[in-house]
Amino acid sequence: MVIFSVIMPTYNRGHIIKNAIMSVINQIFQSWELIIVDDGSTDNTSEVVSSIADNRINYIRYEKNAGSNYARNIGIGKASGKYLAFIDSDNQWRTNYLESQLDIFQNDEVSADVVFARCFITGSWGTFIFPNNLYTDFSSNEKITRYALYSSVFDTNVVCMKRIVWEQSGKFDENLFRFQDWEYFLRILVQGKYQFRFNDAVLCDNYLQQDSITEKKELFWDSRLYIFEKNIEKSREIGEVVNIILYLLKQPDVNYILPYHVEKLMGMLFSNEVTELYKKYYAEYERYCTSYYEISNMINEKSGQAEYALKLADKNEQILQIERKWITFKQNGNNVASVLMEKGIYRIAIYGYGVLGILLLQELKNSGVSVKYIVDKRKIKLGKEAGIPVIINSSGSLKQLKGVDAIVVTAIADYEEIRKELEKKTDVKVIHLGGLLI
C-alpha cells in the first residue's frame with residue numbers, strides 16, 4: 001500500500017517543475033505516489049515531466065486552466081495513499097520531509113489527523129520562515145485556532161493529512177483565488193472533529209514567482225473578508241471579532257481596501273461590536289499621547305456610553321470618508337507628495353496628530369516633502385525614530401513655522417476655525433488634507 005499520495009498542481013512551470021519533482025524523488029522515505037495535475041499549461045511542462053523516468057509519477061493534463069484548487073481536488077480524487085501531501089511546482093521539499101511528518105503520525109496514531117510544519121519562503125520582498133518563530137505554542141487545537149483566525153499558519157506545501165479527512169470534510173474551495181490553503185485547513189480545524197499536530201521544523205523551500213497568487217495584492221481583501229465571514233461565529237465564540245478587525249487594519253495590504261470592503265466588514269458586526277471597535281481603534285492612536293483628556297472627557301460619568309459611541313461613530317465616519325477618498329486617489333496613480341511639490345511645497349508642518357496625521361507622516365516618509373514640525377493642541381510623543389519637533393498650539397505666535405512652506409491640517413472637523421486661528425499666529429499658508437486628495 002502507498003503511504004503518501006503527493007498532489008502537485010501546476011501551470012506553466014516548465015522551467016522549474018523538475019526541481020519540485022526531484023525533491024519528491026529524493027525523499028528519504030520512498031513509499032509515495034506523485035500525482036501531477038497540469039492545469040492547462042501552454043509551455044513545455046509536459047515534455048519536462050515525461051523526461052523523468054519514475055513509474056510512481058502520474059501526470060494528468062487538462063486543456064483549460066481552472067485554478068490550483070480545481071487541480072488539487074482532481075489529484076486527490078486519484079489518490080490511493082493513506083496520507084495526503086501537497087507540493088506546488090515552484091517549491092522544493094527537504095529530503096526528510098515525508099519521514100519527519102510520518103514520524104508524528106506514527107507516534108500519535110490515534111489522534112493526529114493533520115500535521116503541519118514550517119517552510120522557508122523567498123519572495124520579492126525578501127526571505128522569511130512561515131509560520132514565523134513568534135508562533136511558538138501550537139500545542140492544542142484551541143491555541144492553533146486562535147492564531148489561525150487572525151492569519152494563516154498553514155502552507156499547503158508543509159501540511160499532511162489522513163485521506164479520510166478530505167473524504168469527510170469536502171474539497172478545496174474552487175471559487176477562492178487567494179488564501180486557499182488557509183480557508184481549507186481552517187475549515188477543517190473549526191469543525192472540532194480532527195486533531196492538528198505541529199511539526200516544529202523547516203521542511204520546505206518556497207519560491208514565490210512574480211505571477212504567484214501571493215503577489216496579487218488586489219485579491220487580498222475579497223479573499224480575506226470571505227474567510228472572516230465564514231468564521232465570524234467562531235471568532236465571536238472565543239471573543240476575538242473586534243481584535244481580528246483591528247489586526248487587519250494594521251496590515252500593509254490595507255492600502256488595497258475599497259469602500260465596499262469597509263461597508264461589508266462593518267455590516268458583519270453587531271452594534272455593540274461596532275462600539276467596541278471604535279473605542280479600541282482610537283485607543284490605539286491615543287497611546288501616542290501623554291494627555292488623554294479628550295477620551296477621558298468623553299467617557300466620564302456624565303457622558304455615558306451611548307453618547308460616547310455616537311461621538312466616536314460620527315468621528316470615525318468622517319475619517320473613513322477621507323480614507324476612502326485617499327485610497328481612490330492613490331489607486332488613480334496619485335500621491336500627496338507629488339501634489340504638494342506641484343504647488344511648490346517641499347517643507348510642511350502637520351497640524352493634528354490623530355489617525356490621519358499619522359497616516360500622512362507615514363506617506364511622506366522618504367518622499368520629496370519633509371515634515372519639519374507636528375502641531376497639536378496636546379502634548380504628544382512620536383517615538384524616537386521620527387525625530388520631529390512637536391509644537392503645542394497654545395496661545396501666542398508660531399514664529400518657528402516660518403521655515404516651512406505650508407501647514408497641512410488633518411483635523412476632520414472645524415477646519416475653518418482652525419485656519420482662522422492659525423492665520424492669526426503665522427503667515428504660513430494653511431491647507432486642508434482633504435483638499436489635496438482630488
Side-chain angles (χ1 to χ4, degrees), residues 1-8 19-36 54 56-58 72 75-76 78-89 91-121 128-148 152-169 172 181-182 184-186 188-189 191-207:
M1 178 182 177
V2 173
I3 301 300
F4 284 100
S5 290
V6 182
I7 314 301
M8 180 187 293
N19 294 331
I21 294 172
M22 294 309 298
S23 79
V24 178
I25 291 175
N26 293 331
Q27 287 297 297
I28 295 171
F29 185 79
Q30 285 285 302
S31 180
W32 51 262
E33 62 175 351
L34 173 58
I35 303 169
I36 302 174
D54 194 311
R56 293 171 295 179
I57 299 175
N58 178 12
R72 286 191 187 97
I76 296 172
K78 305 289 185 182
S80 62
K82 180 178 181 180
Y83 303 108
L84 300 175
F86 308 91
I87 183 169
D88 293 336
S89 54
N91 301 324
Q92 299 172 44
W93 279 342
R94 302 197 176 173
T95 56
N96 64 330
Y97 175 70
L98 292 179
E99 178 186 56
S100 182
Q101 298 288 71
L102 184 61
D103 282 347
I104 293 180
F105 280 117
Q106 291 180 334
N107 292 331
D108 200 356
E109 181 66 25
V110 175
S111 58
D113 299 302
V114 180
V115 178
F116 66 106
R118 300 189 198 272
C119 57
F120 189 80
I121 297 179
F128 58 97
I129 292 174
F130 177 85
N132 66 44
N133 292 327
L134 295 177
Y135 298 103
T136 56
D137 191 355
F138 290 136
S139 57
S140 68
N141 273 25
E142 291 73 21
K143 291 178 179 178
I144 297 169
T145 301
R146 282 191 173 273
Y147 283 122
S152 181
V153 295
F154 308 113
D155 186 294
T156 314
N157 297 271
V158 283
V159 179
C160 292
M161 58 192 289
K162 291 179 178 177
R163 184 161 57 114
I164 193 172
V165 175
W166 181 84
E167 293 170 350
Q168 295 176 349
S169 300
F172 281 85
D181 42 8
W182 181 13
Y184 182 65
F185 295 114
L186 180 56
I188 295 172
L189 180 61
Q191 290 180 42
K193 295 167 55 179
Y194 306 102
Q195 292 300 310
F196 281 61
R197 294 290 180 267
F198 179 55
N199 185 350
D200 193 359
V202 177
L203 296 174
C204 182
D205 292 289
N206 291 14
Y207 301 96

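The chain is numbered in sequence order, starting from 1.
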After noting the C-alpha distance and the side-chain angles of Lys193 and Asp113, does the key distance pass the side chain to side chain contact (heavy atoms under 4.5 Å, CB included) rule? CA-CA 9 Å; Lys193 295 167 55 179; Asp113 299 302; over 6 Å; no
So do the side chains of Leu189 and Ile144 get within less than 4.5 Å of each other, counting heavy atoms only? yes
Going by heavy atoms in the side chains, are Lys162 and Tyr83 under 4.5 Å from each other? yes
So do Ser80 and Glu33 actually touch side chain to side chain, heavy atoms under 4.5 Å? yes
Closest approach of Trp182 and Ala148, non-hydrogen atoms and distance? NE1-O, 2.8 Å
Can you check side chain to side chain contact (heavy atoms under 4.5 Å, CB included) on Arg197 and Ser111, steps first, answer last? CA-CA 9 Å; Arg197 294 290 180 267; Ser111 58; 3.0 Å; yes
Are the aromatic rings of Phe154 and Phe196 close, with centres under 6.0 Å apart? yes
d(Ile57 CD1, Trp32 CH2) to nearest 0.5 Å is 5.5 Å
Is the shortest heavy-atom distance from the side chain of Phe130 to the side chain of Val158 under 4.5 Å? no
Specify the closest pair of heavy atoms between Arg118 and Asn132, including all atoms of both residues, with the distance to one decimal. NH1-O, 3.0 Å
Quick one: pull up OG1 in Thr156 and CG in Asn206 and give me the separation to the nearest 0.5 Å. 9.0 Å
Taking all non-hydrogen atoms of both residues into account, name the closest pair between Ile87 and Val6 and its distance. CG2-CG1, 3.7 Å
Looking only at non-hydrogen atoms, find the nearest pair between Val165 and Met161 and report the distance. CG1-CE, 3.5 Å
Donor-acceptor check, side chain of Asn91 to backbone of Tyr207, threshold 3.5 angstrom: yes or no? yes
Quick one, Tyr194 and Gln168 - any side-chain contact, counting heavy atoms below 4.5 Å? yes
Near Ile25 CD1, under 6.0 Å, is it more than 12 heavy atoms from other residues, nucleotides or ligands? yes
Check whether Gln92 reaches the backbone of Val24 with its side chain - one donor and one acceptor, N or O, closer than 3.5 Å. no
Nearest-0.5 Å distance, CG of residue Leu203 to CG of residue Asn157: 11.5 Å
How many angstroms lie between atom CG of Asn26 and atom CG of Asn96, to the nearest 0.5 angstrom? 12.5 Å
Sequence neighbours excluded, the answer for ring-ring contact (aromatic ring centres under 6.0 Å, His included) partners of Phe86 is Phe172
Give me the ring orientation class for Phe116 and Phe198: parallel if the planes are under 30° apart, tilted from 30 to 60°, perpendicular past 60°. tilted
Side chain proximity check, Asp205 to Arg94, heavy atoms < 4.5 angstrom: yes
Audit row: Asn199, Ser100, side chain to side chain contact (heavy atoms under 4.5 Å, CB included) steps and yes/no: CA-CA 8 Å; Asn199 185 350; Ser100 182; 2.8 Å; yes
Atom pair OG/OH of Ser152 and Tyr184 - distance to nearest 0.5 Å: 14.5 Å
Run the side chain to side chain contact (heavy atoms under 4.5 Å, CB included) test on Asp200 and Phe138 for me, step by step, so that the C-alpha distance in whole Å, both residues' side-chain angles and the decisive distance to 0.1 Å come before the verdict. CA-CA 9 Å; Asp200 193 359; Phe138 290 136; over 6 Å; no
Close side-chain approach of Leu98 and Trp93, heavy atoms under 4.5 Å: yes
Heavy atoms of Ser89 and Ala20 approach each other most closely as O-CB, 3.6 Å
Below 4.5 Å, heavy atoms only, C-beta onward: do Leu34 and Asp54 meet side chain to side chain? no
Which atom pair, heavy atoms only, marks the closest approach of Cys160 to Tyr97? SG-OH, 3.2 Å
List for me each residue that meets ring-ring contact (aromatic ring centres under 6.0 Å, His included) alongside Trp166, sequence neighbours excluded, and say none if there are none. none
In Å and rounded to the nearest 0.5 Å, what is the CD1 to CE distance from Ile3 to Met1? 6.0 Å
